[in-house]
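To start, the structure under review is shown below, and the notes come after it.
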Amino acid sequence: MYQEERLIGVIEYLKKQRRITIDQMCEMFDISRDTARRDLVKLEERKAIVRTRGGAILPKTHAAIQDYTHRLKSVSYEKQEIGRKAASLIHSGDHIILDTSTTVQACASQISPMEIKVITNSIHQADILSNVGHVSIQLLGGYLQKEHQFLYGASVIERLKSYHVDKAFIGVVGISEHGLTLGHEEDGMVKKNMIKQAGEVIVLADHTKFGITEFFTFAGLEDIDMIITDQAPDESFQRLLRECGVELIVTKEEETDIWT
């Protein structure tokens, strides 16, 4: 087997198992420990892995976070379904917060014309809703994060404190027993304060976000009221959500609460 074939095999294994040892590589590919080490060095040079004592793991998710424009092109059907369900929870007269995530954008793109007030720090959400009748938009001003097209900083947080809304729709990079996490502290501080100003906090997260812990924790599970996702997490995490009083809605289960 050529080295490139082995390298592909290592990455595929890591995607499923999260961790690989040199001994496992030797057994998988029938190679020496020296050859296995050289393969890991090659992958490390490409920034595809992080070497550990006796093996390797994948880099933390923040290393693979793509810029917002690229992510917009890959909004999945699952995210669209999550967004559709979220949009169905918005009613005329509501005051809502929308954050800057692409899953929340899937919600914004499916909001019907109605008398609502929207507060957001996302240039994209504001642009989408500017074409929807009867929607009033408050775009929070601050520093522009150019890659991901959100506004952040002390002025955004200070302005947020003036508003009280019915619902906040929040996206995440990771959701685990450690809470809700992101790769960008600036975005996380804004989300943290969005949550404080909302009567109901609704997290939109496809199944790939479960079990992931990113760089910055901006909320605990006890701080949220509902998660809308496309596939249910494992039973142990469902039990943890119940203990924290979090309602779970799964779009693939006919959009009903799986605990009703």
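Sequential numbering from 1 along the given sequence is applied to the chain's residues. Values reported hereafter were calculated over all heavy atoms of this structure, with side chains retained and with hydrogens, waters and symmetry mates removed. Keep in mind that this is a model prediction, so the values were computed, not measured.
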Nearest 0.5 Å please: distance from the NZ atom of Lys117 over to the CD1 atom of Ile137.
13.0 Å
Backbone N/O of Ser122 and side chain of Thr120: donor-acceptor pair under 3.5 Å
yes
Look only at the side chain of Asp206 and the backbone of Glu78, and say whether a donor-acceptor pair between them is shorter than 3.5 Å.
no
Which atoms form the tightest heavy-atom contact between Gly55 and Leu40, and what is the distance?
O-CD1, 3.8 Å
Distance col, row Ile49:CD1 vs Ile57:CD1, nearest 0.5 angstrom, shows 9.5 Å
Inter- and intrachain pairs under side chain to side chain donor-acceptor pair (under 3.5 Å), touching residues 8-20, at least two apart
Tyr13-Gln24
Please report the C-alpha distance between Arg38 and Thr35 in whole Å, then the side-chain angles of each, then the deciding distance to 0.1 Å, and finally whether the side-chain hydrogen bond (donor to acceptor under 3.5 Å, both in side chains) criterion is met.
CA-CA 5 Å; Arg38 284 195 292 271; Thr35 299; 3.2 Å; yes
Tell me whether Asp99 contacts the main-chain N or O of Ser101 through its side chain, where contact means a donor paired with an acceptor under 3.5 Å.
yes
Quick one: pull up CD1 in Ile116 and NZ in Lys167 and give me the separation to the nearest 0.5 Å.
9.5 Å
Are any non-hydrogen side-chain atoms of Gln145 and Glu186 less than 4.5 angstrom apart?
no
Any side-chain heavy-atom pair from Asn193 and Lys191 closer than 4.5 angstrom?
no
Considering all heavy atoms of both residues, which atom of Leu144 and which atom of Ile123 are nearest to each other, and what is their separation?
CD1-CD1, 3.4 Å
Should the ring pair His184 and Phe150 be called parallel, tilted or perpendicular, given that the plane angle runs from 0 to 90° and is split at 30 and 60?
perpendicular
What I'd like to find out is whether the side chain of Tyr143 reaches to under 4.5 Å of the side chain of Val156, using heavy atoms alone.
no
Hey, is CG on Asp30 packed in by over 12 heavy atoms from elsewhere, all under 6.0 Å?
no
Nearest heavy-atom neighbours spanning Tyr163 and Ile119
CG-CD1, 3.3 Å
Using 0.5 Å steps for rounding, measure from the CD1 atom of Ile227 to the CD1 atom of Ile202.
11.5 Å
Under 3.5 Å donor-acceptor, Asp230 side chain and His207 backbone
yes
Calculate, to the nearest 0.5 Å, the distance between atoms CD and CD1 belonging to Gln105 and Ile128 respectively.
3.5 Å
Check: Met114 and His134 side chains under 4.5 Å, non-hydrogen atoms:
no
If you take all heavy atoms of Cys244 and Leu221, which pair is closest and at what distance?
SG-CB, 3.8 Å
Quick check: do Ile111 and Leu129 have side-chain heavy atoms less than 4.5 Å from each other?
yes
Apply side-chain hydrogen bond (donor to acceptor under 3.5 Å, both in side chains) to residues Asp23 and Thr21 and explain how you reach the verdict.
CA-CA 5 Å; Asp23 288 340; Thr21 66; 5.2 Å; no
Ile228 and Leu89, any side-chain heavy atoms less than 4.5 Å apart:
yes
Using 4.0 Å as the upper bound for N to carboxylate O, is an ion pair formed by Glu185 and Lys192?
no
Does Lys252 offer a backbone N or O that forms a donor-acceptor pair with the side chain of Glu81 under 3.5 Å?
no
Taking the side chain as every heavy atom from C-beta outward, state whether Ser155 and Glu158 have any atom pair closer than 4.5 Å.
no
Shortest non-hydrogen contact between Val118 and Val135, atoms and distance:
CG2-CG1, 3.8 Å
Test side-chain hydrogen bond (donor to acceptor under 3.5 Å, both in side chains) on Ser32 and Asp34 and set out the steps.
CA-CA 5 Å; Ser32 69; Asp34 285 343; 5.3 Å; no
Non-hydrogen side-chain atoms of Met25 and Ile20 separated by less than 4.5 Å:
yes
Of the non-hydrogen atoms in Ala126 and Leu139, which two are nearest, and what is the gap between them?
CB-CD1, 4.1 Å
Please report the interatomic distance CD1(Ile82) to CD(Gln110), rounded to the nearest 0.5 Å.
11.0 Å
Tell me, yes or no, whether the heavy-atom count around Gln231 atom CD, taken from other residues, nucleotides or ligands under 6.0 Å, exceeds 12.
yes
Residues 170-183, side-chain donor-acceptor partners within the protein, below 3.5 Å, at least two apart:
residue : atom : partner : partner atom : Å
Ser176  : OG   : His178  : N            : 3.1
Ser176  : OG   : Thr213  : OG1          : 2.8
Thr181  : OG1  : Gly174  : O            : 3.3
Thr181  : OG1  : Glu214  : N            : 2.8

Start with the C-alpha gap between Asp223 and Lys196, add the side-chain angles, then the distance that decides, and say whether salt bridge (Lys or Arg N to Asp or Glu O under 4.0 Å) holds.
CA-CA 9 Å; Asp223 296 320; Lys196 290 179 180 178; over 6 Å; no
